[in-house]
Structure formats: structure tokens, C-alpha cells
There are 2 protein chains.
Amino acid sequence: MYQSLLIVVAILVKLQHCSWTDELMSTGVANEKAIDSLKALAEPIRLEIIEALSNGEKCVCDLMQETGLAQSKISFHLKVLKEAGVITDRQSGRWVYYQLDTRTLKSLQNWIKRLRKGCLNEASSCE
Amino acid sequence: MYQSLLIVVAILVKLQHCSWTDELMSTGVANEKAIDSLKALAEPIRLEIIEALSNGEKCVCDLMQETGLAQSKISFHLKVLKEAGVITDRQSGRWVYYQLDTRTLKSLQNWIKRLRKGCLNEASSCE
DNA sequence: AGAATACATCAAGAATGATTGATGTATCAA
DNA sequence: TTGATACATCAATCATTCTTGATGTATTCT
């Protein structure tokens, strides 16, 4: 009882520290992370934001200017992206700067790499 | 008039043949493709299917057995994945075999690679 | 302190996507 | 030709996600 609680705590600590690490990539937990990231990316406005951030760190006002979108809309999508671990934020005065999280991108890349590895094996025929 | 029609046809042919080619990666057209692929990946059942297919080609009955999901559900998601260009299918007798499309995966990988390239540039301060 | 700027959050409605069970189609075997 | 298998499609319900305009909060300027 006490021991299993310890294990749970250990897992939580681990997840907190290395969200999206590659050693977790083939577990269910990692898949949830993958889904969060993919879902976050899979939306036109968010993809536009991502593309904008691919040139470097930006604040919300920059993004508003670049995209011409309403502020509340951008904030909403930034929140989705942040909670998915796709971007990070940093406050400086009254500005908040957003940046792509390269760790998440790297993990996504590795995940896709793994998918490509064995996917061309032929099916054992069903007949 | 006739010439611009030719160009449109050429583009259509191109899109058909090399959906998701990397030279298109930074255009709006490519982004729509990216969104389709990402959206397709960003769903628990579809991700489960993708993971199953990462070991190689499978027919629907294989997938049903592996996942324990209803047939119509799997067919629905396979269709989404196929229309997004994430998987390809091949019929053999009364079985239909599905496989990951490595070209799409490769393009996704390259896209992420590009995102990672310049995203760490600091913001020009807003003050 | 008061006003302005930069951003976050909220609730209600609109839009999109998924599930379900039934039905349809093509292929094969007896 | 009849029945069985493998899969696709459909329509209705259900669930999730986005948008919009308004309001809230923190920070800076005067």
C-alpha cells in the first residue's frame, strides 16, 4: 500500500520532470502526450501561430499584428499550445513572450522516426 | 486564359502525385496537408491504429483483434487516416491491407525539423 | 492615484467530430 | 446459387472544440 503510493509519486515526479522524454515514447502515457501535442498542432490558427513562432520568440502583440486575429482568440490557442507542451512562455514586464518548445518537437520527430522504422513489413497473409 | 488553366492542371497533377512534397512545405497548400495529417494523428483510436501499423502492414481484421474495437469504428478512422494521406490501402481478395505512408511521415519529420531551426531566436523586445 | 496597455478568462452559442447499430457491397467457398 | 466473410457506408445521436464579446488582472506611465 505505502510502497505502491511511493511508485505513483515516483512516476508523477518523473512525468513532471521529463514530460515527453523518449524513454516514455512507447507507453500509453506517452501516447497521451503525443495526442496532446498533435491535437494542439492540428488546427489552422494554431498552426499559423506555430509557423510564426518558428522564426523565434514572439509576444502576443506581435502575433496579433502578424495574424490579424482577435486577442482573445490568440490567447485561447496559446493556452492550448502551452498546456500541450508545444510552447513555453516567459513574462517580461507587461509582455508575455512565447516560444516553441524544442524538446517536444524533438520528441515528436523521434516518434515519427520510430513509426517509419518497421512500418513497411508485409502483412502475414490472412488466407 | 488557356495557359493559366494549364498551370492549374499541372499543380493539381503535382499535388496528386507527390502529396506532401517538401518543396510545398512552406505554402498554404502544404499547411492544409499538414493539418490533415496532424488532425488524423491526433485522436486516441487513430493513434492506436498508427501504432499497430508501425509494426507493418495489417488488414482490418488484424486491427479489430488487436484493438478489440467495433468494425465500423475502425473503418471510419481508417478512412480519415487514408484521406489525410497518412496510410495507404491495398486490396487482396476480400481483405484490405493498410500501411503507413512513409512519404507523409518523412514530410512531417522535415516540417518539424524546419520548425526547430529558427525557433530559439530571441524576440526583439517590445518596449 | 488614475489611466492606459498587454494579456487572460469566462459563458453562451456555433461548428465540428465521434459513436452506434443497421444496412450495403464485393469476394469467396460449398 | 446460397451462405458466409471482410469491409464500407449511412443517419441519428452524442461529445468535444471554437468563437465571440465582455469582463478581469497585472503592469507601467503620468
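Residue numbering restarts at 1 for every chain, and letters A, B, ... go by the order of the sequence lines. Values in this document were obtained by computation on a predicted structure and should not be read as measured data.
Minimum interatomic distance between B:Ala40 and B:Val86 (heavy atoms only, all atoms of both residues): CB-CG2, 4.1 Å. Scanning both residues, B:Tyr98 and B:Asp89, for their nearest heavy atoms gives CE2-CB, 3.5 Å.
Distance CZ (B:Arg90) to C1' (D:dA6): 15 Å, rounded to an integer number of Å. The separation between A:Met64 atom CE and C:dA6 atom P is 9 Å, rounded to whole Å. Separating the NZ atom of B:Lys39 from the P atom of C:dA15 is a distance of 15 Å, rounded to the nearest angstrom. In this entry the distance linking CD of B:Gln91 with C1' of D:dT5 reads 13 Å, nearest Å. Distance CG (B:Leu69) to C1' (C:dT19): 11 Å, rounded to an integer number of Å. Distance CD (B:Glu43) to C1' (D:dA15): 12 Å, rounded to an integer number of Å. Between the P atom of D:dT5 and the CD atom of B:Gln65 lies a distance of 14 Å, rounded to the nearest Å. We find that CD of A:Glu83 is positioned 12 Å from P of D:dC18, with the value rounded to whole Å.
Bending across the helix from C:dA1-D:dT30 to C:dA30-D:dT1, expressed as the angle between its end axes from five pairs apiece, amounts to 20° (10° rounding).
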#### Entry: salt bridge (Lys or Arg N to Asp or Glu O under 4.0 Å) between A:Glu51 and A:Arg46, intermediate numbers included
CA-CA 9 Å; A:Glu51 287 288 348; A:Arg46 291 200 287 268; over 6 Å; no
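With a 6.0 Å radius and a threshold of 12 heavy atoms from other residues, nucleotides or ligands, B:Gln91 has its CD atom above the threshold.
In this structure, CH2 on B:Trp111 lies 8.0 Å from CG on A:Leu105, to the nearest 0.5 angstrom.
Both A:Trp95 and A:Ala42 lie near DNA chain D, and the one whose nearest nucleotide falls closer to the 5' end is A:Ala42.
Between A:Glu43 and B:Lys39, no side-chain nitrogen of the basic residue sits less than 4.0 Å from a carboxylate oxygen of the acidic one, so the salt-bridge criterion is not met.
The shortest distance between the side-chain N/O atoms of B:Arg46 and the OP1/OP2 oxygens of C:dA18 is below 4.0 Å.
Ranking C:dA4, C:dC28, D:dT19 by closeness to the B:Arg94 side chain, first place goes to C:dC28. With C:dT27, D:dC7, C:dT19 as the choices, the nucleotide that has an atom nearest any side-chain atom of B:His77 turns out to be C:dT19.
The shortest distance between side-chain heavy atoms of B:Asp36 and B:Glu83 does not fall below 4.5 Å. Between B:Arg90 and B:Gln99, every side-chain heavy-atom pair lies at or beyond the 4.5 Å cut-off.
Of the possible polar contacts, none joining the A:Thr88 side chain to the A:Asp101 backbone as a donor-acceptor pair under 3.5 Å is found.
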Give each protein N/O atom lying under 3.5 Å from an N/O atom of nucleotides 8-11 of chain D, with the pair distance.
from: D:dA8; atom 1: OP1; to: B:Tyr98; atom 2: OH; distance (Å): 2.4
from: D:dA8; atom 1: OP2; to: B:Ser75; atom 2: OG; distance (Å): 2.3
from: D:dA8; atom 1: N7; to: B:Gln71; atom 2: NE2; distance (Å): 2.7
from: D:dA8; atom 1: N6; to: B:Gln71; atom 2: OE1; distance (Å): 3.3

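Looking at heavy-atom distances under 4.0 Å, A:Lys82 makes no contact with the nucleic acid at all.
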